Every structure is written in C-alpha cells, then in structure tokens.
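These numbers were taken from a predicted model, which means no experiment stands behind them.
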There are 2 protein chains.
Amino acid sequence: MINNEREQIAFANLSWRPCDIANEINYHLLMLDVDQRLRDHGLKVTAPRVSVLDVLRQATGHLNADEVHARLGMAGLEIGRATVYRVLAQLEQVGLVQRSVLEAGRSVFEISRGPRHDHLVCTRCARVIDFSDAEIEARRIEAAGSKGFVVVDHRLVLLGHCAACRAVTGSV
Amino acid sequence: MINNEREQIAFANLSWRPCDIANEINYHLLMLDVDQRLRDHGLKVTAPRVSVLDVLRQATGHLNADEVHARLGMAGLEIGRATVYRVLAQLEQVGLVQRSVLEAGRSVFEISRGPRHDHLVCTRCARVIDFSDAEIEARRIEAAGSKGFVVVDHRLVLLGHCAACRAVTGSV
DNA sequence: GTAACTGCAAATCCTTTGCACAATG
DNA sequence: CATTGTGCAAAGGATTTGCAGTTAC
C-alpha cells in the first residue's frame with residue numbers, strides 16, 4: 001500500500017546500504033517501525049511527519065529546517081515552515097531524527113542511524129564528515145564520572161580543514 | 001591609576017586563585033596584559049571593553065550576552081546591547097574570552113583561563129562544569145587525522161546529571 | 001466525534017547593521 | 001585630527017506561538 005510504495009522509493013534513492021549488523025538492525029527499524037514508533041509516542045501518522053522522514057532519509061548529509069522545507073516543496077508537498085519545525089522537534093524526541101548544532105544560530109537534522117556520532121566540520125568548504133570513536137566515547141564517560149557526572153548525551157564538533165581543502169591551498 | 005584600581009577590585013572578587021604554574025602564567029596574562037593585548041590587535045582600550053572583561057572575570061560561570069549587559073547595567077554602566085555583542089566578539093578574537101554554544105540559539109562567554117576546555121551540562125539543574133582531558137584531546141586529533149582532517153578547534157558538550165541532582169532524586 | 005494536527009500570520013528571541021556622534025591614540 | 005568605537009533604532013534570521021480550520025483514529 002502507500003506504506004510500501006514509500007519504502008521502495010526511499011530505498012531506491014538511499015545513499016547508504018545496510019552493511020553490518022548494526023546498520024541492518026537500524027535499517028529495519030528505520031524502514032518498518034516508523035508508524036508504530038510514532039504511535040507509541042502518541043503521535044498520529046500524518047503526511048508531514050512521514051514526508052519529513054523521507055526527505056531526511058534520502059538526504060546525503062545534514063539539512064537545516066529550511067532545507068527540509070524546500071525539499072518538501074520541490075516534491076510538491078506544500079507544508080508550512082512552522083509544521084516542519086514542529087515535526088522535526090517531535091521526530092527528534094521520538095529518536096528518529098538527530099539534531100546537531102554545528103554552527104551557532106541554527107540546527108541541522110539527519111536520520112538517526114545508530115548511536116549518536118560526532119562531526120568534523122571543515123571551516124573552509126563547510127563540508128561535514130560524520131565519525132565516531134569508541135575510545136573517545138569511553139574516555140568521555142570516565143572523565144565525566146570523575147566529576148560525579150553521569151553522561152546521558154553529548155555533542156562533539158571538531159572544526160578544521162579537510163583533506164581536499166588542504167590539497168587545494170597547499171597549506172595546513 | 002585607574003588600571004590598578006580595576007585590577008585590585010577584580011582580584012578581590014575573583015572566584016579562583018592562581019594555584020599552579022599554568023594558572024599563574026595565565027593569571028598574569030589576564031590581569032596585566034589586557035591593555036597591551038587589545039592594542040596589539042588594533043583595538044583601543046575603551047570603557048566597554050574593559051568593563052566587559054571585568055564582568056566576565058568576576059563571574060563564576062558562563063554568561064550570555066544579555067547577562068553581561070545586565071551586569072554592566074547593575075554596575076551603573078550604561079552600555080548598549082549592540083556594543084556588548086561587538087565587544088564580546090572582539091574579545092573572543094583576541095583570545096581573552098571564550099565563546100561556547102551550549103544550547104542551540106545562543107552563545108555563552110567566559111574569561112579564557114588556559115587552553116580551551118569542554119563542558120559538562122546538567123540537564124536537571126543547568127549547572128555547567130568545566131573539564132578537560134588530555135587523552136580525549138589527543139585521541140580526537142588522531143581520529144580526525146584518520147579522515148584526512150586537521151583539527152583547528154573543537155566543541156564538546158557532555159549532557160547528563162550532576163552528583164548533586166542524582167543525590168536528590170536518588171536515581172541515576 | 002474528539003483529540004491531535006496543520007497552516008498562516010504574527011510574535012519572539014538572539015544577534016547584526018547603518019548611521020550620526022563621541023572618544024582614543 | 002583621523003581613525004576607531006559607541007548608542008540607538010531598525011533590520012535580520014531562525015524558531016515559536018495563537019488560533020481557526022482540518023484530519024487521523
């Protein structure tokens with residue numbers, strides 16, 4: 001039905017593929033459980049919510065609220081900006097979407113693909129590279145613990161210069 | 001002269017004391033070199049700049065732009081909000097002040113006290129604890145390097161529950 | 001049918017800018 | 001005295017909110 005159609009389209013355009021166990025589990029969670037996940041949180045399954053998820057699923061990188069709104073528009077979906085903001089916040093709470101503050105003043109969003117990861121942001125070309133490091137993760141919890149702190153979540157942004165930009169300028 | 005007065009007042013109210021070499025060096029830098037540091041960057045030594053530094057020096061934690069503005073007002077200094085923003089940005093560039101984006105939508109500022117550090121934010125009481133960890137620091141650069149990335153700066157915020165709040169609720 | 005959702009426009013919040021006047025070096 | 005800095009008010013961008021109409025369950 002509509003659900004299936006949606007999933008096939010999303011799958012066809014997907015920029016990533018399930019490749020290891022974590023991703024596969026996550027993939028199924030992502031593709032199949034969305035409706036239930038929404039209902040579990042008392043959210044009705046509506047066109048705006050489903051569409052926003054689709055946009056984020058099909059996006060390669062991170063999108064800010066306005067970009068999401070624009071892509072919905074390009075897809076012929078007239079959804080108000082306010083609704084986009086509301087939906088993004090709700091999806092974040094449900095855990096389907098991850099919000100990051102990569103630059104002061106605005107948030108960017110992406111589909112949750114496994115545990116929270118961190119970001120490398122190139123200050124020259126604005127490219128964003130995802131990464132995660134188990135050692136940092138562990139050390140982080142330890143360091144916080146030594147201050148009596150229990151870590152629930154985190155945000156790490158590394159600002160610097162990516163390989164491509166360094167190659168261009170020949171500098172660091 | 002005026003300079004000396006200012007330094008004595010600042011010292012009297014200071015919430016921290018030089019205790020190790022790094023802090024001591026930093027302390028002198030903080031208290032004595034400010035005027036020169038401003039001039040070195042082509043900034044004139046003006047009342048707003050000096051006052052903002054004093055406010056931040058005497059603050060225990062982090063202040064947002066509006067709080068800085070308010071404290072200046074309480075001290076009888078009528079300085080425009082726009083100037084506060086401008087001054088904070090300039091002091092950040094000079095390296096006398098450190099800006100952090102602990103929550104989306106606004107920045108907080110504090111006096112630079114040594115190398116950039118990270119923040120633990122308690123999601124229950126909003127308390128902010130500074131910390132830094134050499135191992136995370138090193139690992140971070142390494143992890144980024146493996147992606148061809150040279151790290152210039154970073155932002156790490158750990159969200160969780162502080163000891164005090166956990167004690168109160170008896171939970172994690 | 002009712003509670004939840006949406007669109008629109010207006011409101012809000014933080015921050016920046018334009019410009020005439022004022023102060024520093 | 002020339003450049004840089006400041007205050008004010010207005011502009012700016014991102015996000016939220018109030019409310020009347022609409023939809024999912």
Spacing between [X] atom [atom1] and [N] atom [atom2], to the nearest angstrom:
X	N	atom1	atom2	answer
B:Glu103	C:dT15	CD	P	10 Å
A:Arg99	D:dA14	CZ	C1'	11 Å
B:Arg86	D:dG7	CZ	P	8 Å
A:His41	C:dA4	NE2	C1'	16 Å
B:Glu92	C:dT16	CD	P	10 Å
B:Gln90	D:dG5	CD	P	6 Å
A:Leu102	D:dA14	CG	P	15 Å
B:Arg81	D:dA11	CZ	C1'	16 Å

What's the closest nucleotide to the side chain of [X] if the choices are [options]?
X	options	value
A:Arg106	D:dT15, D:dG5, D:dC8	D:dT15
B:Thr46	D:dT6, C:dC5, D:dT17	D:dT6
A:Lys44	D:dT6, C:dT15, C:dC5	C:dC5
B:Val45	C:dG25, C:dT16, C:dA9	C:dG25

Please find the pair of heavy atoms, one from B:Ser146 and one from B:Ala143, that lie closest to each other, and give the distance.
OG-O, 2.7 Å
Can you check side chain to side chain donor-acceptor pair (under 3.5 Å) on B:Gln36 and B:Asp40, steps first, answer last?
CA-CA 6 Å; B:Gln36 195 50 52; B:Asp40 288 347; 2.9 Å; yes
Quick check on [N]: is either OP1 or OP2 less than 4.0 Å from any side-chain nitrogen or oxygen of [X]?
X	N	result
B:Arg39	C:dG25	yes
A:Tyr85	D:dT16	no
B:Arg49	D:dG5	yes

Quick check: on DNA chain C, is the nucleotide nearest B:Asn64 upstream (toward 5') of the one nearest A:Gly80, or the reverse? Name the residue that is more 5'.
A:Gly80
Please figure out whether B:Ala65 or A:Ile79 has its closest DNA chain C nucleotide nearer the 5' end.
A:Ile79
Measure from the side-chain N and O atoms of A:Arg99 to the backbone N and O of A:Glu110, and report whether any donor-acceptor pair falls under 3.5 Å.
no
Look at the side chain of A:Thr123 and the backbone N and O of A:Leu159, then say whether any donor-acceptor pair between them is shorter than 3.5 Å.
no
I'd like to know whether CZ of B:Arg127 has more than 12 heavy-atom contacts from other residues, nucleotides or ligands below 6.0 angstrom.
no
